[in-house]
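Labels below follow one simple rule: chain letters A, B, ... track the order of the sequence lines, proteins then strands, and each chain is numbered from 1. Predicted model only: the values in this text are computed from it and were never measured.
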Amino acid sequence: MANETTAIQPSREQDFPEWYQQIITAADLAENSEVRGCMVIKPWGYGLWERIQQPLDRMFKETGHENAYFPLFIPLSYLEKEAAHVEGFAKECAVVTHHRLEVGPEGKLIPSGPLNEPLIVRPTSETIIGAAYARWVQSYRDLPILINQWANVVRWEMRPRLFLRTAEFLWQEGHTAHENAAEAVAETEKMLEVYERFAREYLALPVLTGEKSESERFPGAVRTLCIEAMVQDRKAVQAGTSHYLGQNFSKASGIQFANRNNQPEYAYTTSWGVSTRLIGTLLMAHGDDNGIVLPPKVAPSQIVIIPVTPKEEGRAAVLEACEKLATELRQLQLDGEPLRVRLDTRDKPGGAKGWDWIKKGVPLRVEIGPRDLAAGTVFVGVGIRASRRRPPIPRPISCNRL
RNA sequence: CGGAGUGUAGCUUAGCUUGGUAGAGCGCCUGGUUUGGGACCAGGAGGUCGUAGGUUCAAAUCCUAUCACUCCGACCA
């Protein structure tokens with residue numbers, strides 16, 4: 001242990017996929033569930049998702065969208081309506097066939113009460129949202145419809161990897177309907193720009209934008225635009241997609257309206273989404289051999305204060321100073337929000353606590369001990385340079401370095 | 001769905017070839033010493049060895065069946 005220079009074994013160079021698993025464990029982000037392909041997202045990982053959701057949700061609303069919620073279950077027949085869509089998703093659908101359990105001979109529970117029509121668990125919601133839009137749209141005056149939903153979806157993956165590919169994952173899916181193609185294409189491009197801006201400004205991912213080839217296109221789409229992020233194993237990860245669906249789904253779902261000439265016309269629709277894969281992408285792009293590395297804007301805690309209390313005497317004074325500093329820091333703002341400051345008072349040696357937060361990718365670690373109290377200084381460790389002690393800096397500290 | 005492999009404590013695993021009282025590390029609990037870069041010592045709790053059957057005086061170990069999971073191929077946000 002004394003000779004190890006990095007916290008994560010193996011290193012990225014030695015075995016990248018294994019390293020990826022290890023940083024997730026080390027940072028306590030998530031774990032595999034007993035159900036194959038599903039994951040338990042732990043507080044630090046879910047906090048990260050919340051920090052992704054909040055700005056994105058704001059950006060969606062700034063671009064005129066509203067949130068709504070559509071059902072988890074989709075009638076099987078809906079999936080059959082769009083031929084390419086069927087082909088794309090049929091192979092990975094979870095199907096619900098019964099609505100009841102009965103106690104069998106040996107105390108085992110046996111499904112009973114077969115459903116008239118089986119339901120699929122949504123792999124995506126174009127069809128069921130399309131059915132709703134068909135009811136809502138009568139006239140060009142009802143358009144556009146600009147709706148987003150935050151939801152979970154299920155795609156029965158045979159080869160899961162935490163955050164990157166899981167059978168169930170969290171995402172947002174925007175679904176819009178427009179009266180003409182140009183407006184729908186513009187919407188598709190606009191939301192891709194939102195994704196690109198979010199990736200660059202919040203996740204610090206220099207993504208490339210582009211259009212998918214026919215073979216990689218979303219099943220049923222006319223055009224699929226995407227953001228691709230480069231990660232450290234020299235691969236590109238598809239981190240977000242925006243689809244122009246043309247009239248394919250409106251014809252399948254019957255989203256028809258009276259246009260400005262009072263002629264019946266099918267709407268032009270789009271859909272766009274990002275998922276918890278963004279977290280996996282972030283980890284693979286920024287992580288190092290000491291754990292994950294979080295950009296300050298999405299770190300659940302941006303600063304961790306670690307009281308260093310070698311002796312019983314003076315402990316109360318150190319804790320008090322830490323509390324005071326935390327309160328001061330929380331009054332500072334970053335991005336128009338209070339700094340997220342955590343005080344680590346766990347009963348654990350200081351060195352171990354420091355490593356915990358390095359592995360969790362916290363941007364700044366502040367350590368305060370008795371000597372600092374006497375000198376009026378604090379130690380600051382920058383997460384991105386995980387090793388080496390930095391010189392004490394005098395209080396008050398500023399947040400400029402963020 | 002094709003090919004390979006593995007099931008032993010919360011986690012990682014040794015033991016299996018050659019059958020003979022279930023072992024370790026990490027983690028957890030208690031006490032003490034510690035604490036400015038991942039602490040140490042002592043003690044302690046924790047196991048239907050995946051499941052069912054068979055062989056045997058005796059099975060984690062050998063045989064059969066079964067279930068589950070993992071890895072490699074085709075799909076995918």
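Rounded to whole Å, the distance from CD on A/E31 to P on B/U12 is 11 Å. Look at CH2 on A/W355: it is 11 Å from P on B/A39, rounded to the nearest Å. The interatomic distance linking A/Q22 (CD) with B/U12 (C1') rounds to 10 Å, in whole Å. B/G38 atom P lies 13 Å from atom CD1 of A/I306, rounded to whole Å.
The shortest non-hydrogen separation linking A/D288 to A/I23 is O-CG2, 4.2 Å.
A/D15 pairs by the salt bridge (charged side-chain N to carboxylate O under 4.0 Å, His left out) definition with nothing, not counting sequence neighbours. When the salt bridge (charged side-chain N to carboxylate O under 4.0 Å, His left out) test is applied to A/E173, no partner is found at least two apart in sequence or on another chain. Residues that satisfy the ring-ring contact (aromatic ring centres under 6.0 Å, His included) test with A/Y202, not counting sequence neighbours, are A/F198.
Across A/K190, A/M191, A/H243, a single residue satisfies side chain to side chain contact (heavy atoms under 4.5 Å, CB included) together with A/W272, and that is A/M191. With A/V274 as the fixed residue, the side chain to side chain contact (heavy atoms under 4.5 Å, CB included) test singles out one of A/T241, A/T281, A/L56, A/I52: A/L56.
Going from the C1' atom of B/A22 to that of B/C49 covers 8 Å, rounded to whole Å. Using atom C1' as the reference point in both B/U8 and B/G2, the two lie 31 Å apart (nearest Å). B/G15 and B/A9 have their P atoms separated by 15 Å, given to the nearest Å. For B/A14 and B/U56, the P atoms lie 31 Å apart once the distance is rounded to whole Å. Comparing the same atom, P, in B/C11 and in B/C69 gives a spacing of 16 Å after rounding to whole Å. Distance noted for atom C1' between B/A45 and B/C29: 7 Å (whole Å). The gap from the C1' atom of B/A24 to that of B/U64 amounts to 33 Å, rounded to the nearest Å. B/U61 and B/G54 have their C1' atoms separated by 15 Å, with the value rounded to a whole Å.
You'll find the ring centres of A/Y78 and A/F73 outside the 6.0 Å limit.
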Review point. Under a cut-off of 3.5 Å for both distances of each Watson-Crick or G-U pair, what dot-bracket string does RNA chain B give, using [ ] for crossing pairs and | for inter-strand pairs?
Key: (((((((..((((......[..)))).((((((.....)))))).....(((((..]....))))))))))))....
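Among the protein residues, A/K212 comes within range of no part of the nucleic acid, since none of its heavy atoms lies under 4.0 Å from any strand. Note on A/G354: nothing from the nucleic acid sits closer than 4.0 angstrom, heavy atoms only.
The SG atom of A/C93 sits 11.0 Å away from the NZ atom of A/K91 when rounded to the nearest 0.5 Å.
In terms of polar N and O atoms assigned as donor or acceptor, the side chain of A/D372 comes within less than 3.5 Å of the base of B/G36 in a complementary pairing.
The number of heavy atoms from other shown groups lying within 6.0 Å of CH2 (A/W156) does not exceed 12. Other residues, nucleotides and ligands place no more than 12 heavy atoms under 6.0 Å from the CD atom of A/E320.
Judged by distance alone, the side chain of A/D372 and the main-chain N or O of A/G369 form a donor-acceptor pair under 3.5 Å.
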Practice item. Encode nucleotides 66-77 of chain B as B, S and - characters from 5' to 3', where the letter depends on protein heavy atoms closer than 4.0 Å: B to the base, S only to sugar-phosphate, - to neither. Key: ----S-BBBBBB
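At least one test fails for A/K42 against the ring of A/W44: distance under 6.0 Å to the centre or angle within 45° of the axis.
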Identify all pairs in which a protein N or O lies below 3.5 Å from an N or O of nucleotides 25-35 of chain B, and state each distance.
from, atom 1, to, atom 2, distance (Å)
B/U35, O4, A/R315, NH2, 3.4

